[in-house]
Structures are given as C-alpha cells and as structure tokens.
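Have a look at the structure below, then the notes.
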Amino acid sequence: MKVYIIPEMFLYFTDSESLNDHGAQSGAKKAKKKHGTETAASLEKLLPKDCNILGIATPGIVVTPGGSASNSPMEFEDGESGFALLFPKISGVKIQHFHLFKDFKSKVFDEKKLEEAGLKNNPDLRVVLIFEYNSWKPGGVRFLNQVLKPLNEKSIIIAGGHVDYLASFPPQEKARFSTDCVGVVGLALSGPQIQGATVLLDQDVCDEKSVDSAMQRLKAANIPEQNSVGLMFACVGRGEQHYKKKNVEADSFRKHFPGVPLFGFFGNGEIGCDRVVSGNFTLRECNGEKDNLLHQYTTVMTIIHFGHAK
C-alpha cells in the first residue's frame, strides 16, 4: 500500500469473516481469530501515532477499486473484501471521531457526552456518520435512539447503519471496551464548506427504474462532485437477491455521479433519511414521524462534499 498523505483519521471497513471470528475457541477458528487480531494490529502500526483509527466489520462491502472514480464501484455481499478511507488535514474541515458506550447502570443518557464528541452545541456540524454495534443486545436500539434524538433536530446529514463488530479503535478506549459492550462509533464532520445529501431507497425501490429515480433525487441536490465521496449503507436483504441482478444500486450511482467514488457496506439496519445540507439551504428536517432515521430492508445513499481543493 502506497500512501502519499499523512492521515489524521484512518477509517476502514472489512467483511466480518476476514479479520475475526468472535467466540472462536479452538482449532482453525482460534487460529483465524489470532490472525485477524494480528492483521488489525499490523494496520495500526503502519499509522502515525497521533492518527485516530476506526475499523469496522460488516456482512458485506461496497467499494470503488483503487478509490479512483475511473473504476466502477462494486457490491460484495459476501467473501473477502474491504477498503480504507484516509482523511488528511483539510483546511476548514474538522473530523472528530466519537465512541459512546451504553451505561447499563443508568436508564438516562448523559447528553454532555454528545457535546464532548462534537455532536451538540456545534454550529459548524454538517455530517454525522454513525455506526452501532451489538444493537441486538437488550437496550441497544433504545440507546441508539437516545443518541440520535438530539441530532434529529439539527440541520445535518445523518447516515450509517448497524455493524457486526469493531475491528480497531483508538488505544485510549481499549480499557473501557469489551465485546459485550453496546455502543455507537462514528465521525462528526464540521465546517461551513461541507455540503451533503442523503436519499432513502425504501422497500418499494425494487427495480432499476425506481433506483434511477432515487438517484435523480440525490442528483437534484446539486452537491458539487469534485472533492466528494459517495457512501452507501444497504441492508443485507437487498443487493442481488432483492433485484435479481448484481450491482444495481452501485451502478446507478455511477451513472449519475461518474466522477465520485462510492464506498459503503451491507449491514443489519440502516440510519438516515432524505435530506440536503448545502450552505444555508436545508431540505427536510427529520423530526416528523414519517422521517424516522432507523430502517430495515432499505439503502441510505449519501454524497459528501469537503469543499473545493485549494
């Protein structure tokens, strides 16, 4: 791997089987788990000491090979796959990593933690990428709602989904983390130059024509395509088994955004809604019942613009 920038944030996604096998006790599974742990540790050693790292494992991966928009994005619903996004220091943009744990001893969520994470009382907040792990455990969905509710009133892009487990995270968090934790991780992107849009492809979007219609809604947001990235968070129930054809959603994104690389994953629940944030213009606050942020059997498609390169 050749890297030509000094990253401040290293975000990577991998399929759930490649790095780890939670609960492995003996034989091949134990060896695989050891190999996965060593691989994650090797990745961490390659990075500068002050670079934050976040590694996430999901059932499937969406990736544009080489990160180049000249390549077509590909949907890998199973098998070994992964990608990494390296964020350098960007003038006018602040990228803040957050990791919030559920406190099983308290039913009340301390919203001060949101402020510490840059998610509250932050007038420059534009995009929140958020991922929950162990959401199937008791109180998992309630905890996610406690985190999302204060954000849901703000004019920001919210996108993400439910993931299988964390593969890497900053060393200072390891003392508090265990595989039994329920938590949310993600990135808060702040800066007045950031623009973004999301569209929700619901269960009724079931053929190429309806996917194209959804992408046209995203295109209509007029988010600049230079210095931008596309993100796709889809249910494991979509993809080929949903459309009876491979790569339908990724191909449609490329058709409408040929100069924007697309990355993402297949997961077990999606977070997002239709929304546009562009300068002082905002379309659709997600505070109505019909704009619930938590979904199943859907895809959240997102485009984020980091400002014009100087």
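- Interatomic distance, NE2 of His162 versus CG of Leu294, reported as 5.5 Å (0.5 Å rounding).
- In summary, of the residues considered (Phe131, Phe76, Tyr165), a ring pair (Phe, Tyr, Trp, His ring centres under 6.0 Å) with Phe13 occurs for Phe131 alone.
- A donor-acceptor contact shorter than 3.5 Å links the side chain of Asn71 to the backbone of Pro65.
- Atom CE of Met74 is surrounded by 12 or fewer heavy atoms from other residues, nucleotides or ligands within 6.0 Å.
- One N or O on the side chain of Asn247 and one on the backbone of Pro73 form a donor-acceptor pair closer than 3.5 Å.
- Atom-to-atom distance recorded for Asn134:CG and Phe143:CZ is 11.5 Å, nearest 0.5 angstrom.
- For the residue pair Gly230 and Val260, the shortest heavy atom distance occurs at N-CG1, 3.4 Å.
- Contact annotation: the side chain of Thr302 never approaches that of Val127 to less than 4.5 Å [non-hydrogen atoms, C-beta and beyond].
- Distance check, rounded to the nearest 0.5 Å: CD of Glu8 to CG of Asp50 gives 7.5 Å.
- Sorted by first and then second residue, the ring pair (Phe, Tyr, Trp, His ring centres under 6.0 Å) pairs involving residues 190-229 (not counting sequence neighbours) form an empty list.
- Note that CD1 of Ile130 and CG of Leu100 are 7.5 Å apart. Values are rounded to the nearest 0.5 Å.
- The line from CD1 of Ile95 to NE2 of His97 is 12.5 Å long, rounded to the nearest 0.5 Å.
- Qualifying salt bridge (charged side-chain N to carboxylate O under 4.0 Å, His left out) partners for Lys245, counting only residues two or more places apart in sequence or in other chains: Glu208.
- A heavy-atom distance below 4.5 Å is found between the side chains of Leu119 and Phe98.
- The two atoms that bring Leu200 and Asp274 nearest to each other are N-OD1, 2.8 Å, heavy atoms only.
- Remark: the backbone N or O of Ser81 is paired with a side-chain donor or acceptor of Asp15 at under 3.5 angstrom.
- Ring centers of Tyr133 and Phe169: at least 6.0 Å apart, outside the cut-off.
- Ring geometry for Phe253 versus Phe257: interplanar angle under 30°, hence parallel rather than tilted (30 to 60°).
- Taken from CG in Leu201 to OG in Ser213, the straight-line distance is 10.0 Å, to the nearest 0.5 Å.
- Summarising the geometry of Pro150 relative to Leu114, their closest heavy-atom pair is CG-CD1, 3.6 Å, with the distance given to 0.1 Å.
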What verdict does the side chain to side chain contact (heavy atoms under 4.5 Å, CB included) test give for Phe266 and Thr58, after you've listed the backbone C-alpha separation in whole Å, the side-chain angles of each residue and the deciding distance to 0.1 Å?
CA-CA 7 Å; Phe266 289 89; Thr58 64; over 6 Å; no
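- Annotation for Lys120 and Glu111: closest pair NZ-OE1, 2.7 Å, computed over non-hydrogen atoms.
- Between the side chain of Lys219 and the backbone N or O of His256 there is at least one donor-acceptor pair closer than 3.5 Å.
- The side-chain hydrogen bond (donor to acceptor under 3.5 Å, both in side chains) test applied to Asp103 returns no partner, not counting sequence neighbours.
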Please report the C-alpha distance between Leu144 and Ile271 in whole Å, then the side-chain angles of each, then the deciding distance to 0.1 Å, and finally whether the side chain to side chain contact (heavy atoms under 4.5 Å, CB included) criterion is met.
CA-CA 10 Å; Leu144 179 58; Ile271 303 170; 4.0 Å; yes
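- Closest heavy-atom contact between Val93 and Phe306: CG2-O, 3.7 Å.
- Between the side chain of Asn145 and the backbone N or O of Val141, at least one donor-acceptor pair lies under 3.5 Å.
- Screening residues 70-96 for salt bridge (Lys or Arg N to Asp or Glu O under 4.0 Å) gives no qualifying pairs among residues at least two apart or on separate chains.
- When only modelled atom types and interatomic distance are considered, Ser252 and Asp212 share a side-chain donor-acceptor pair under 3.5 Å.
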The test is side chain to side chain contact (heavy atoms under 4.5 Å, CB included); show your working for Glu132 and Val182 and say whether it passes.
CA-CA 8 Å; Glu132 185 181 34; Val182 170; 3.9 Å; yes
Go through it in stages, so that I can follow the logic: the residues are Thr198 and Arg275, the test is side chain to side chain contact (heavy atoms under 4.5 Å, CB included), and I'd like the CA-CA distance, side-chain angles, deciding distance and then a yes or no.
CA-CA 5 Å; Thr198 52; Arg275 180 177 282 189; 3.8 Å; yes
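- The ring pair (Phe, Tyr, Trp, His ring centres under 6.0 Å) pairs that include a residue from residues 179-203 number zero, where partners must be two or more places apart or lie in different chains.
- Taking 4.5 Å as the limit, some side-chain heavy atom of Asn268 sits within range of a side-chain heavy atom of Pro59.
- Counting non-hydrogen atoms of other residues, nucleotides and ligands closer than 6.0 Å to NZ of Lys246 gives a total of 12 or fewer.
- Shortest non-hydrogen contact noted between His99 and Leu166 is CE1-CD1, 3.6 Å.
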Show me, pair by pair, the donor-acceptor contacts under 3.5 angstrom made by side chains of residues 231-243, not counting sequence neighbours?
unit_1	atom_1	unit_2	atom_2	d
Arg238	NE	Glu249	OE2	3.0
Arg238	NE	Thr299	OG1	3.0
Arg238	NH1	Asp202	O	3.2
Arg238	NH1	Tyr297	O	3.1
Arg238	NH2	Val205	O	2.9
Arg238	NH2	Tyr243	OH	2.7
Arg238	NH2	Glu249	OE2	3.1
Gln241	NE2	Val236	O	3.0
His242	ND1	Tyr297	OH	3.2
His242	NE2	Val205	O	2.9
Tyr243	OH	Glu249	OE2	2.5

